[in-house]
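Below is one structure, written out as structure tokens; comments come after it.
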Amino acid sequence: MAISDQKYRGPIEKPSEVYPLVLDSLIKAKGYTKQTFELLPELEQGNLKHLAFKLLSRHLTPKMVENKSFAKKQKRIDAANTKELINIVKEYGWVTRKSLGCDEKFRTVLILRHAPKNYWKQVRELIEKEKKAKRISGYEYYVIDNHLKDRPPLTKKYSDFSN
């Protein structure tokens with residue numbers, strides 16, 4: 001589910017291939033060579049690397065934006081994932097990496113954050129039940145609740161939650 005959730009959301013370009021080009025360009029624009037850049041203090045190198053990543057991420061276009069058929073396919077995947085996850089949570093409770101007993105990250109919140117509108121009522125009932133049973137973290141509840149409210153700007157960060 002987690003893999004299919006991101007299938008058509010990812011960028012067309014591979015960030016790992018484009019990032020070195022952006023960083024090299026930024027290094028040259030700042031008047032450095034690769035050799036002089038490597039002699040800079042770690043903090044300064046880190047700042048330039050962070051800026052390169054920031055510049056790169058602004059220009060990555062998700063596949064869904066470029067291709068409407070990808071968006072339609074992703075919507076079908078989101079609906080199937082949501083339906084399946086609702087059934088799993090109803091039967092077994094909130095799904096976490098720990099409850100699955102695996103090392104792979106499994107973000108229940110991510111899949112439910114992409115739930116189509118026709119599932120919102122079921123998702124609302126589910127997260128309220130899981131919150132009452134204390135199986136969902138405050139942050140996960142907040143992020144899914146935000147989606148169910150049609151995604152107004154998020155005002156809190158993960159670090160604002162104690163769980």
Side-chain angles (χ1 to χ4, degrees), residues 1-23 46-47 49-163:
M1 270 190 248
I3 292 168
S4 65
D5 180 75
Q6 296 298 307
K7 186 167 186 172
Y8 299 108
R9 285 189 169 86
I12 295 168
E13 308 87 356
K14 291 188 177 182
S16 60
E17 293 174 4
V18 181
Y19 173 78
L21 302 173
V22 175
L23 181 59
N47 288 339
K49 289 176 181 179
H50 179 72
L51 180 58
F53 183 75
K54 200 171 180 180
L55 291 170
L56 168 70
S57 61
R58 285 186 190 158
H59 298 285
L60 294 177
T61 307
K63 295 173 195 168
M64 291 183 357
V65 172
E66 289 290 318
N67 187 318
K68 290 185 186 208
S69 66
F70 282 164
K72 286 180 184 178
K73 288 178 179 184
Q74 190 63 58
K75 284 182 182 188
R76 284 194 297 272
I77 290 168
D78 290 345
N81 280 347
T82 301
K83 183 178 178 180
E84 184 177 356
L85 190 56
I86 287 170
N87 291 332
I88 290 169
V89 174
K90 280 181 179 178
E91 188 171 342
Y92 301 103
W94 196 249
V95 180
T96 65
R97 178 169 61 182
K98 187 177 178 181
S99 72
L100 292 172
C102 68
D103 294 329
E104 292 295 319
K105 284 186 178 180
F106 186 84
R107 295 191 178 133
T108 307
V109 66
L110 190 62
I111 290 166
L112 294 180
R113 184 144 166 94
H114 296 140
K117 262 189 179 171
N118 58 315
Y119 286 98
W120 284 11
K121 183 179 179 201
Q122 288 177 275
V123 172
R124 169 62 65 199
E125 291 168 2
L126 197 70
I127 65 169
E128 295 301 334
K129 180 182 174 188
E130 294 302 307
K131 181 181 179 187
K132 189 175 180 179
K134 299 183 188 307
R135 291 187 293 246
I136 184 174
S137 74
Y139 178 74
E140 290 172 311
Y141 179 88
Y142 171 71
V143 170
I144 297 168
D145 176 66
N146 172 269
H147 174 65
L148 301 178
K149 291 177 178 173
D150 222 10
R151 296 187 180 217
L154 292 168
T155 57
K156 296 179 182 179
K157 300 176 288 202
Y158 178 77
S159 59
D160 293 332
F161 296 86
S162 59
N163 51 1

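Applying the side-chain hydrogen bond (donor to acceptor under 3.5 Å, both in side chains) test to Thr155 and every residue at least two apart in sequence or in another chain returns Tyr142. Scanning for ring-ring contact (aromatic ring centres under 6.0 Å, His included) contacts around Trp94 gives an empty result, with sequence neighbours left out. Here Glu128 pairs with Arg124, Tyr141 under the side-chain hydrogen bond (donor to acceptor under 3.5 Å, both in side chains) rule; sequence neighbours left out.
For the pair Tyr139/Lys156, no side-chain contact is recorded, criterion being any heavy-atom separation below 4.5 Å from C-beta on. Two residues are said to be in side-chain contact when any heavy atoms from C-beta on lie closer than 4.5 Å; His114 and His147 fail this criterion. Counting heavy atoms from C-beta outward, Lys83 and Gln122 have side chains that stay 4.5 Å or more apart. The side-chain heavy atoms of Glu130 and Thr108, taken from C-beta on, include no pair separated by under 4.5 Å. Between Glu140 and Ile127 the shortest side-chain heavy-atom distance does not fall below 4.5 Å. The shortest side-chain heavy-atom distance between Leu126 and Tyr119 does not fall under the 4.5 Å cut-off. A 4.5 Å side-chain heavy-atom check between Arg113 and Asn146 finds at least one atom pair inside the cut-off.
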Could you give me the CA-CA distance, side-chain angles and deciding distance for Arg135 and Thr96, then say whether side-chain contact (heavy atoms from CB on, under 4.5 Å) is met?
CA-CA 9 Å; Arg135 291 187 293 246; Thr96 65; over 6 Å; no
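Considering every non-hydrogen atom in both Ala52 and Tyr19, the closest pair reads CB-CE1, 3.8 Å.
The distance from the CH2 atom of Trp120 to the CD1 atom of Ile144 is 12.5 Å, given to the nearest 0.5 Å. Rounded to the nearest 0.5 Å, atoms CG (Asp145) and CG (Leu112) are 12.5 Å apart. For the atom pair CG of Asn81 and CD1 of Ile86, the computed distance is 11.0 Å after rounding to the nearest 0.5 Å. Note that CG of Asp5 and OG1 of Thr82 are 8.0 Å apart. Values are rounded to the nearest 0.5 Å.
Within the 3.5 Å criterion, the main-chain N or O of Ser4 finds a donor-acceptor partner in the side chain of Gln74.
In summary, the side chains of Glu91 and Asn87 do not present any donor paired with an acceptor at a separation below 3.5 Å, with no hydrogens or angles considered.
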